[in-house]
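Side-chain atoms are counted along with the backbone in the values below, which use heavy atoms only and exclude waters and symmetry mates. These figures come from a predicted structure and were not determined experimentally.
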Amino acid sequence: MVLGFRVTFPLLGGIFQMLIIVLFALLVDYGDHAVSPHRRIGEAKNQTQENHKVNDVAIYYPMFMDIHVLVFMAFGFLLSFLKRFSYGGVAFTFFGGALAAQWGILMTGIFNELIWGHPHIELSIKSLTSADVSAVVMLIAYCGSIGYCSHVQLIVISFFAPIFFAVNEMVVFKLLQASDSGGSMFVHAFGCYYGLAFCRMLYRKETTESSKVEASYTSDVFALLGSILLWCYWPSFNSVFGAPDYVTQHRTVINTYLGLAASAVVVYLTSAALDRNARITLAHIQNATLAGGVAVGTGSSMMMTPWGALLVGSIGGAISTFGFKYVSPIMTRVFKTNDVAGIHNLHGMPGLLGGIAGAIIASQAEPEMYGYEGLYNVFGARAPAFNTTEYYELKARGVNFSPGEGRTAKRQALFQLAALGCSMGISVFGGVLTGLVARMKIFMPPKKHQLYDDADYFEIPEGKDAYYTLEHVETTLDSLQVRVEQPKKEEQEQLMKDK
């Protein structure tokens with residue numbers, strides 16, 4: 001097994017990274033705001049840049065950094081909850097996220113730029129932010145199988161997840177022209193059901209019976225720290241692409257803030273109410289407090305009203321807590337989806353709630369509430385079609401908008417629901433296919449003693465402060481037993497073949 005990891009992991013990861021470098025060389029170039037004006041619009045080389053429009057790095061970089069911290073720091077800490085897989089929770093999140101972000105730039109560029117006539121994939125601060133969103137989707141999917149998905153299998157999911165995510169993104173925004181600024185549908189619901197389908201394909205009975213699926217006091221504290229960081233930075237995640245429509249972006253921040261605050265309070269109350277001794281379960285606080293940000297995601301850019309944001313966030317927090325208590329055991333027993341991190345409770349059910357809530361709010365959206373420009377910035381397809389009477393009337397009144405399809409509010413709501421259905425369908429198909437590939441022996445599925453354990457993946461410091469001494473001895477003995485039994489098993493198989 002050690003020799004297999006030593007060869008397969010560097011080889012497969014190296015090939016993947018080289019493929020990314022080659023495709024970047026062939027398909028990717030800097031965007032307009034990352035090159036000199038003379039190259040962008042043919043001006044003289046000595047032309048100053050003072051009179052050109054504001055570079056969008058000034059607009060997006062602060063929120064981009066919020067999301068960057070959310071993905072590569074907060075997410076990792078949240079996944080450090082397993083007491084014997086804390087290294088893996090943080091370090092594999094870092095590795096998988098970095099890999100998926102690079103690949104996500106390519107896949108999003110191919111399906112949302114190249115096939116729509118762009119000469120090359122343009123790199124900008126917005127595309128880097130989109131890359132982090134691709135990494136988030138992959139990490140949500142990985143969360144479900146954390147501890148029983150090896151680092152070699154992580155490369156597989158880092159390859160496939162951004163592909164299916166980019167396809168779904170194209171369907172949701174290019175074809176259906178749905179509105180989903182906070183990603184309830186195309187990020188959270190998609191990532192969750194992709195991950196659950198992946199979990200189902202990797203299901204083994206011993207993954208549900210391991211005694212290592214436990215937290216320690218220290219690992220839970222670090223996971224809670226990650227959750228609080230996610231909670232603080234979540235408004236940036238939902239609102240980053242609202243710019244340069246700052247009215248919509250401002251509204252998105254407010255709605256997300258209110259949804260998160262309400263869900264945090266409701267989770268504490270619900271967790272205590274569900275326990276016989278009225279004690280609060282820390283896993284609920286680590287996860288379900290974030291459900292409000294997921295639930296308000298689709299509607300956060302819409303006029304959902306402040307009390308509506310509080311209501312949706314409260315419902316999201318409540319159903320997430322109920323999910324951890326009652327739904328997760330049913331999912332494992334009936335559907336054989338061993339959802340270790342509870343992604344169905346944090347991303348799945350609140351994501352569905354957010355998609356449905358967004359459709360309801362969209363069905364009531366009218367120019368009297370948003371103004372014409374505000375309405376068309378949120379729902380591009382609601383704008384009048386080109387060469388229609390309404391189009392010319394609004395242009396004559398000085399309304400700034402791009403032509404749409406002239407959809408009614410009710411029709412837009414139906415497209416919102418269609419986007420939710422497509423996200424579900426594409427995610428399940430992609431997760432099943434990825435799982436079928438990842439469970440092949442060449443991708444090194446973990447042995448029984450390696451489940452939820454850092455020992456075979458990382459150099460573990462000696463001493464009980466870093467890793468429980470008795471448990472380390474048990475892991476070592478399990479590993480030695482496997483190495484002794486494996487040759488015997490192979491000899492028996494060879495004898496059977498000879499006979």
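- A side-chain donor-acceptor contact under 3.5 Å links N387 and Y392.
- Note: F16 CZ to Q102 CD = 8.0 Å, rounded to the nearest 0.5 Å.
- A donor-acceptor distance shorter than 3.5 angstrom exists from the side chain of D339 to the backbone of H344, with no hydrogens or angles considered.
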Exercise. Test I125 against N55 for side-chain contact (heavy atoms from CB on, under 4.5 Å), laying out the working first.
Key: CA-CA 10 Å; I125 191 67; N55 194 303; over 6 Å; no
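- Between L224 atom CG and I285 atom CD1 the span is 8.0 Å, to the nearest 0.5 Å.
- Judged by distance alone, the side chain of S271 and the main-chain N or O of I280 form no donor-acceptor pair under 3.5 Å.
- Screening N338, T337, N345 for a side-chain hydrogen bond (donor to acceptor under 3.5 Å, both in side chains) with S328, the sole residue that qualifies is N345.
- Panel note: side chain Q286, backbone S227; no donor-acceptor pair is recorded below 3.5 Å.
- Remark: aromatic rings of F186 and F173 are close, center separation under 6.0 Å.
- N238 and T252 are not linked by any side-chain donor-acceptor pair at a separation below 3.5 angstrom, with hydrogens and angles left out of the test.
- Cation-pi geometry between R200 and F335 is not satisfied (NZ or CZ under 6.0 Å from the ring centre, within 45° of the ring normal).
- When atom types are taken as modelled, the side chain of E113 and the backbone of T108 share no donor-acceptor pair closer than 3.5 angstrom.
- In terms of modelled atom types and a separation under 3.5 Å, the side chain of W234 and the main chain of L290 share no donor-acceptor contact.
- Looking at N255 and S300, their side chains never bring a donor and an acceptor atom within 3.5 Å of each other.
- Formation of a donor-acceptor pair under 3.5 Å by the S314 side chain with backbone atoms of S263 is not found in this model.
- The only member of I343, N168, I157 that meets side-chain contact (heavy atoms from CB on, under 4.5 Å) when paired with Y194 is I157.
- In H250, the NE2 atom is not crowded: 12 or fewer heavy atoms of neighbouring residues, nucleotides or ligands sit closer than 6.0 Å.
- Under the 4.5 Å side-chain criterion, counting only non-hydrogen atoms from C-beta, I105 is in contact with L128.
- Put simply, the side chain of R251 gets close to the backbone of S301: a donor and an acceptor are under 3.5 Å apart.
- If you look at H284 and Y268, their ring centroids are not closer than 6.0 Å.
- Dense packing is recorded around CZ of F164, with more than 12 heavy atoms of other residues, nucleotides or ligands lying under 6.0 Å away.
- Scanning for ring pair (Phe, Tyr, Trp, His ring centres under 6.0 Å) contacts around F401 gives Y376, Y391, with sequence neighbours left out.
- Electrostatic pairing of R382 and E366 counts as a salt bridge here, judged by a charged N lying under 4.0 Å from a carboxylate O.
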Practice problem: Go through the steps to decide whether Q177 and Q412 satisfy the test side chain to side chain donor-acceptor pair (under 3.5 Å), and finish with yes or no. | Solution: CA-CA 9 Å; Q177 297 187 59; Q412 180 63 42; over 6 Å; no
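- The OG atom of S127 lies 12.0 Å from the CG atom of N112; values are rounded to the nearest 0.5 Å.
- Taking CE of M302 as the start and CZ of F379 as the end, the distance is 4.0 Å to the nearest 0.5 Å.
- With hydrogens and angles disregarded, no donor-acceptor distance shorter than 3.5 Å links the side chain of S219 to the backbone of A215.
- Two residues are said to be in side-chain contact when any heavy atoms from C-beta on lie closer than 4.5 Å; E373 and N400 meet this criterion.
- Summarising the local packing, OH of Y233 is surrounded by 12 or fewer heavy atoms from other residues, nucleotides or ligands at distances under 6.0 Å.
- With sequence neighbours left out, S124 forms a side-chain hydrogen bond (donor to acceptor under 3.5 Å, both in side chains) with no residue at all.
- For the ring pair (Phe, Tyr, Trp, His ring centres under 6.0 Å) with W103, the lone residue among F24, F160, F159 that qualifies is F159.
- Side-chain contact between I20 and L99 is present, with at least one heavy-atom pair separated by less than 4.5 Å.
- For the pair F85/L79, no side-chain contact is recorded, criterion being any heavy-atom separation below 4.5 Å from C-beta on.
- Of the possible polar contacts, one joining the D180 side chain to the S184 backbone as a donor-acceptor pair under 3.5 Å is found.
- Remark: F94 CZ is loosely packed, at most 12 non-hydrogen atoms of other residues, nucleotides or ligands lying under 6.0 Å away.
- To the nearest 0.5 Å, atoms CZ (F222) and CG (L78) are separated by 13.5 Å.
- Considering only heavy atoms from C-beta on, D29 stays 4.5 Å or farther from E122 through its side chain.
- The closest donor-acceptor contact from the side chain of S320 to the backbone of G317 lies at 3.5 Å or more, if one exists at all.
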Practice problem: In sequence, state the C-alpha distance, the side-chain angles, and the governing distance for C149 and F198, and then conclude on side-chain contact (heavy atoms from CB on, under 4.5 Å). | Solution: CA-CA 10 Å; C149 173; F198 182 76; 4.1 Å; yes
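- Atom OH of Y60 is separated from atom OG1 of T129 by 8.5 Å, given to the nearest 0.5 angstrom.
- Partners of I315 under the side-chain contact (heavy atoms from CB on, under 4.5 Å) rule, at least two apart in sequence or in another chain, are L311, I319, L353.
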Exercise. Report the C-alpha separation of L26 and H120 in whole Å, then their side-chain angles, then the decisive distance to 0.1 Å, and conclude whether the side-chain contact (heavy atoms from CB on, under 4.5 Å) test is met.
Key: CA-CA 9 Å; L26 296 174; H120 59 262; over 6 Å; no
Quiz item: side-chain contact (heavy atoms from CB on, under 4.5 Å) between D132 and F64: does it pass, once the steps are laid out?
Solution: CA-CA 9 Å; D132 276 2; F64 161 74; 3.7 Å; yes
